[in-house]
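Report on the following structure.
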Amino acid sequence: METRKLIIIGSGPAGFTAAIYAARANLQPVLFEGFMSGPSGGQLMTTTEVENYPGFPKGVSGPDLMADFRAQAERFGTLILTEDVESVDLSQRPFLVKGSSTQMRAEALIISTGATAKRLEIEGAGDGEFWQKGVTACAVCDGAAPIFRNRPLFVIGGGDSAVEEAIFLTKYGSRVYIVHRRDQLRASKIMAERALKHPKIEMLWNSAIEKILGDQVVRRVVVKNVVTGSLEELDAGGVFFAIGHQPNTGFLRGQLETNQTGYLVVTPGTTYTSKEGVFAAGDVQDPTYRQAITAAGSGCMAALDAERWLTNMGIE
Ligand code: NAP
């Protein structure tokens, strides 16, 4: 079985940036970009215009940006495998990586498998229904789209993300409703106060969206009061899930330390995980920032950490 110096798992901004740096450092990295697990490129593949990635004053489409990341990683000699990693064995080095068709060993690993925004199975919210036609899981990515302008917008959730996204959406929507299943926000006090005081934000307590209706795009939602069971149909231009993210770590089967919500734990200020020789970058280890630019930055850090670690281990 082939042994490589470095295998990178994941193909978002973190993984491809790690690959660019590692390839330029002559580590001949292999990158598993996934296949059934989602499109190569990660979460940016499901957004339209990216306007906050530096270097693109006119904006860039998420898929175009990721195609360029990928091409740049390939240009310096990254071997990209279009398959999922099903499991890894971190019990001894070189670590074993089992892809859906390729098995390989690696002296060092970078985990950059990202996180998936949680969605709810609401009638009308699915793929082939209004998903990405008014229903999204990222207000910051999609909120500025014309379909949301001056329309009532609904954010589902009660945490800091829901509040932050609702406040962000007040720039675009005519009114923003936070639909929360309880009668109290989970968000931090300061954030909660900001939402509660905001003239354009209205709380729908003890509520859940039961159904999303529309034609080409979202037009109305049916909101259920989960205490009384009453239903109300409201005019709507968009529905935003903000109920948290799930880091993609299933294939690790508990071999790396995670925090309470499943994010990989790294030594602060570095990309070192709980296992020597295994580094983590991007959203899989970042419950806080979760931006393409921060993911790319930590991908660079992971490649530099891995390179230095390999050198210290005498693996040239
Ligand atoms: P979160 O704190 O886990 O909140 C998730 C929210 O979604 C909760 O209010 C929860 O309701 C609701 N929810 C979960 N599952 C649901 C379901 N099946 N149906 C309906 N509602 C559901 O997640 P988050 O808001 O994404 O925040 C994640 C972490 O990032 C937190 O530590 C947060 O403080 C941090 N963060 C910080 C900032 C900031 O400081 N600017 C911004 C964003 C995020 P319940 O309350 O009833 O459980």
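This structure is a prediction, so every number in the text was calculated from the model and none was measured. Read the numbers this way: they start at 1 and go in the same order the structure lists the ligands and their atoms. For reference, positions follow the sequence shown, starting with 1.
Near Asp160, with a cut-off below 4.0 Å to any heavy atom, the atoms of ligand 1 are 25 (O), 33 (C), 34 (O), 36 (N), 37 (C), 38 (C), 42 (C), 43 (C), 44 (C). Taking every heavy atom of Leu120 and a limit of under 4.0 angstrom, the matching atoms of ligand 1 come to 17 (C), 18 (N), 19 (N). Residue Arg182 approaches ligand 1 through these ligand atoms, each under 4.0 Å from one of its heavy atoms: 45 (P), 46 (O), 47 (O).
Ring geometry, Phe16 versus Phe69: the interplanar angle falls from 30° to 60°, so the pair is classed tilted.
The side chain of His180, and not its backbone, has at least one atom closer than 4.0 Å to an atom of ligand 1 (non-hydrogen atoms only; side chain from C-beta on).
Around atom 14 (C) of ligand 1, the closest heavy atom drawn from Arg181, Glu121, Lys118, Arg119 belongs to Arg181. For atom 48 (O) of ligand 1, the nearest non-hydrogen atom from the set His245, Gln184, Arg186 belongs to Arg186. Distances from atom 23 (O) of ligand 1 to the heavy atoms of Ala208, Pro287, Gly244, Ser188 show the closest one on Gly244.
In this structure, atom 43 (C) of ligand 1 lies nearest to the protein heavy atom Ser161 OG, 3.4 Å. Closest to atom 9 (O) of ligand 1 among all protein heavy atoms lies Gly158 N, 2.9 Å. Scanning all protein heavy atoms for the shortest distance to atom 41 (N) of ligand 1 gives Glu164 OE2, 2.9 Å. Looking only at protein heavy atoms, the nearest one to atom 7 (O) of ligand 1 is Ile243 CA, 3.3 Å. Summary of contacts: the protein heavy atom closest to atom 28 (C) of ligand 1 is Arg290 NH1, 4.3 Å.
Residues Phe168 and Phe240 keep their aromatic ring centres 6.0 Å or farther apart.
A salt bridge does not link Lys98 to Asp89: none of the charged side-chain nitrogens sits closer than 4.0 Å to a carboxylate oxygen. Look at Arg175 and Asp235 and you find no salt bridge, because none of the NZ, NE, NH1 or NH2 atoms lies under 4.0 Å from a carboxylate O.
Using modelled atom types and a 3.5 Å distance limit, the side chains of Ser40 and Glu33 yield a donor-acceptor pair. In this model, a donor atom of one side chain and an acceptor atom of the other lie less than 3.5 Å apart for Ser188 and Asp160. For Thr270 and Asp305, the side-chain atoms include no donor-acceptor pair closer than 3.5 Å.
Remark: Arg24 qualifies as a cation-pi partner of Phe76 under the 6.0 Å distance and 45° angle criteria applied to the six-membered ring.
Here CD1 of Ile147 is found 8.5 Å from CG of Asp142. Values are rounded to the nearest 0.5 Å. Taking CZ of Phe56 as the start and CD of Glu51 as the end, the distance is 13.0 Å to the nearest 0.5 Å.
Under the 4.0 angstrom criterion, atom 33 (C) of ligand 1 counts as having a protein heavy-atom contact.
Between Gly157 and ligand 1, a contact under 3.5 Å exists for no N or O pair. Looking at ligand 1, you'll find an N or O of Gly159 within less than 3.5 Å of one of its N or O atoms.
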